[in-house]
S.K.: 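Below you will find the structure I want to go over with you.
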Amino acid sequence: MGRVKEPILWALFSGGGMVAALVLPALVFLLWIAAPLGWVTLPSYGELVELVRHPISRLSIFALASLSFYHWAHRFRYTLYDGLQLYHLNELIAVLTYGSATLLTLAAGFLLVAVV
Amino acid sequence: MAESITIEVQRYRPEEQSQPSWQTYEVPFQPEWMVLDALNYIKDNLDGTLSYRWSCRMGVCGSCGMMVNGEPVLTCAAYLKGFTPGPIRVEPLTGFPVIRDLIGDMSDFLEKLSRVSPWIMREEEPPLSKGEHLQTPEQLAEYKGYSMCINCMLCYAACPIYELEPGFIGPAAIALAQRYNLDSRDQGAAERMKTLSDAEGIWACTFVGECSTVCPKNVDPAGAIQRYKLAATVDHFKSMVLPWSER
C-alpha cells in the first residue's frame, strides 16, 4: 500500500468529508429534530420507501454512505498510525480500515439494491 | 522593583552538561514587556551565559521563536502579562536539535526549503528589452498571503507530524512552494510537484491544522497544503485518464 495511491485515497476522504458535512446535518435536522418536534410533517413510511427506491435516491444514498465510510477509514487509519504511533503496522492498518470501508460500501450497495 | 515574575528557562551547554536542565530567574514584571524583554533583562543583568536568538523585536525577522508554556510563539510578540502570575517556562522550539540553551538547529528546514525551489522558475527568460513581467492586483492577491512567511519555524514546532516523521518537508516549505506555484510569473509548478506530491511532501500531512493556528503572519500553511492536495489529486486523475499528456 504505497503512497502512490494517496491521491485516490485522499479524494475519497475529502469527498466523504464534504458530502457528510453538507448532507448529514440537513438529514439529522429533518429526521431527528424537525420531524419529532412537529415542525415539519414527514411523508408516511410507505412514501419514504418509494422515495428511496428512485434510482437517483439510491445512487445519492450510496455515494453518501460509501464516501463517508472511506472518510472514516482514512481518518481512523492516521489516528492509529500517528496517534498511537503504530508505524510497524502500517500495512495491516491500511488493509483493515480501507477493507472495512469497502465491506461497508458493499453492504450499503446490497441493502440499496436487494433489500429496499 | 515593585513586582517580579519567575521565568524558568531550559538550559543546555553541551560542554558542561549531557542533558538539558532548568534554571529559574526572577525578573521585574513590567506590563509592557514581552517575554523577549525578560530574556534580555536576564542576559544583561542576571546571567550573561544565556544564549538565544533575536533580532528585530517587531515580529519581522522570525528569529525569536521559542516554546513559552508549551506553545510556540514569537517571544517579541508575547506579553509577560499574558502569562501572569507565572512561572513562565521558556524552551527551544520542539522538533529541532538543540545547539545551546534556546537555540535550535534549523539546517534541516533550510535543506528542505531549497528542495522546493522557492524562487521564480522560468522555462525561458525573455530578454530585458521586453520589459518587466506585469502582474495584476488579482494575480498578486493569489499568492501574497503565502509570501508573508518569515521562516520563524513556529509551524514546524507546532506540527506533530514533523516530529513523528522527520522526512516531512513541513508546513512553511510547502506554503512557500505554493507562494511560487501561484505566482503568475512562475513556470516551475511541474518541477516542484515531484518533491511536493511525494510521500514526504503533502501526503505526510494529516491536516492537524496547528501550523495555521500558531502562524504569527496568518500564512495558513494548512490551507496551502490542502489546496495543493486538491491540485495534485486532479493532476493524478488527469494523468490516469490522459496518460499520454506528459507534463
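First the proteins, then the strands, lettered A, B, ... as listed; each starts at 1. Predicted model, so just to flag it, every value in this text is computed and none were measured.
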S.K.: Under a 4.5 Å cutoff for heavy-atom pairs, which residue among B:Thr206, B:Val234, B:Leu164 has the most contacts with chain A?
M.R.: B:Leu164
S.K.: What distance do A:Ile8 atom CD1 and B:Met240 atom CE have between them, rounded to the nearest 0.5 Å?
M.R.: 4.5 Å
S.K.: Report, in residue-number order, which members of residues 225-233 of chain B are under 4.5 Å from chain A by heavy-atom distance.
M.R.: B:Gln226, B:Lys229, B:Leu230, B:Thr233
S.K.: More than 12 foreign heavy atoms under 6.0 Å from CH2 of B:Trp119: is that the case here?
M.R.: yes
S.K.: Within a 6.0 Å radius of atom CD1 on A:Ile56, are there more than 12 heavy atoms belonging to other residues, nucleotides or ligands?
M.R.: no
S.K.: Please flag which part of A:Tyr87 lies under 4.5 Å from any non-hydrogen atom of chain B: side chain, backbone, both or neither.
M.R.: side chain
S.K.: Just wondering, more than 12 heavy atoms not from A:Arg58 lying within 6.0 Å of its CZ?
M.R.: yes
S.K.: Considering non-hydrogen atoms only, spot the tightest contact between A:Pro7 and B:Phe237 and give its length.
M.R.: O-CE1, 4.5 Å
S.K.: How about B:Phe83: does its CZ atom have over 12 heavy atoms from other parts shown lying under 6.0 Å from it?
M.R.: yes
S.K.: Got a sec, which residues hit salt bridge (Lys or Arg N to Asp or Glu O under 4.0 Å) with B:Arg53, two or more places apart in sequence or on another chain?
M.R.: none
S.K.: Counting C-beta onward and ignoring hydrogens, is there a side-chain heavy-atom pair between A:Glu6 and B:Ile202 closer than 4.5 Å?
M.R.: no
S.K.: Identify the heavy atoms of A:Tyr78 and B:Trp203 that sit nearest to each other, and give their distance.
M.R.: OH-O, 4.5 Å
